[in-house]
Amino acid sequence: MQRYFTITQLTQEFDITTRTLRFYEAQGLVTPQRRGRQRLYTPGDRTRIKLILRGKRLGFSLAEIKEMIAMYGSAPGEAGQLRLLMQKIDARRAELLEKQRDIELTLLELDDVEAGAKKRMSELQVREDTGTP
DNA sequence: ATTCTCACA
DNA sequence: TGTGAGAA
């Protein structure tokens, strides 16, 4: 006995529109079952959507997210496939590490900008107190 | 209420 | 990467 989610349940939970969810389906990122025309999302579909949204927050394209989800889901048994999988994992890790470095760098730059802004602000404050035009 | 398709940015 | 509109 499986419990299903309706499209509206999921859109409300994740704060997205039904159009977005159908769009993801059209792009092949989710494949809900049908009861007639109605989409029936399994708990698995729901966690896939979670992964999609997380990938989006990380700045990945839908195509990239689709790849990543495929990696999580079906680990191929063949040795050659496993090598390919590990290769993709390495590539993905490199991308994420690069992004991480970029974020850290940007954070440091923001510290600098903020420090400069605070300094200028205090200088302005001094001039106002002094009555300097 | 949910679905689809076409157009649009 | 999505949204808007119209029809069913």
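Keep in mind that the numbers below use all heavy atoms, side chains included, and drop hydrogens, waters and symmetry copies.
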*asked:* What does the B/S/- profile of nucleotides 3-8 of chain C look like, 5' to 3', with a 4.0 Å heavy-atom cutoff to protein?
replied: BBB---
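The CZ-P distance, from Phe5(A) to dT2(B), rounds to 15 Å in whole Å. Between Leu53(A) atom CG and dT1(C) atom P there is a gap of 13 Å when expressed in whole angstrom units. One can place CD of Glu25(A) at 17 Å from P of dT1(C), the figure rounded to the nearest angstrom. With rounding to whole Å, Ile16(A) atom CD1 is found 15 Å from dT1(C) atom P. In this entry the distance linking CD1 of Ile65(A) with P of dG2(C) reads 8 Å, nearest Å. We find that CZ of Arg35(A) is positioned 17 Å from P of dA1(B), with the value rounded to whole Å. In this structure, CG of Leu21(A) is placed 13 Å from C1' of dG2(C), rounded to the nearest angstrom. Regarding Arg57(A), its CZ atom lies at a distance of 16 Å from the P atom of dT1(C), rounded to whole Å.
Note that Lys66(A) lies outside the cation-pi zone of Tyr24(A), set by a 6.0 Å cut-off to the ring centre and a 45° limit from the axis.
Between Glu98(A) and Arg101(A), none of the side-chain N atoms (NZ, or NE/NH1/NH2) sits under 4.0 Å from a carboxylate O, so this pair counts as no salt bridge. Salt bridge Asp90(A)/Arg93(A): present, at least one basic N to carboxylate O contact under 4.0 Å.
Between the side chain of Asp45(A) and the main chain of Thr42(A), a donor-acceptor pair closer than 3.5 Å is present.
The shortest side-chain heavy-atom distance between Thr11(A) and Ile7(A) falls under the 4.5 Å cut-off.
Nearest nucleotide to the Gln38(A) side chain, out of dT2(B), dC4(B), dT1(C): dT2(B).
Looking at heavy-atom distances under 4.0 Å, Tyr24(A) makes contact with sugar-phosphate atoms alone, never a base. When heavy atoms are screened at a 4.0 angstrom cut-off, Arg22(A) is found touching base atoms of the nucleic acid. Within the 4.0 angstrom heavy-atom criterion, only backbone atoms of the sugar-phosphate kind lie near Thr8(A); the bases stay farther away.
At a cut-off of 3.5 Å, with distance as the only test, a side-chain donor of Tyr4(A) or Gln33(A) sits close to an acceptor on the other residue.
Note on Arg34(A): a side-chain N or O is less than 4.0 Å away from OP1 or OP2 of dC4(B).
Qualifying side-chain contact (heavy atoms from CB on, under 4.5 Å) partners for Gln27(A), counting only residues two or more places apart in sequence or in other chains: Phe23(A), Leu29(A), Leu62(A).
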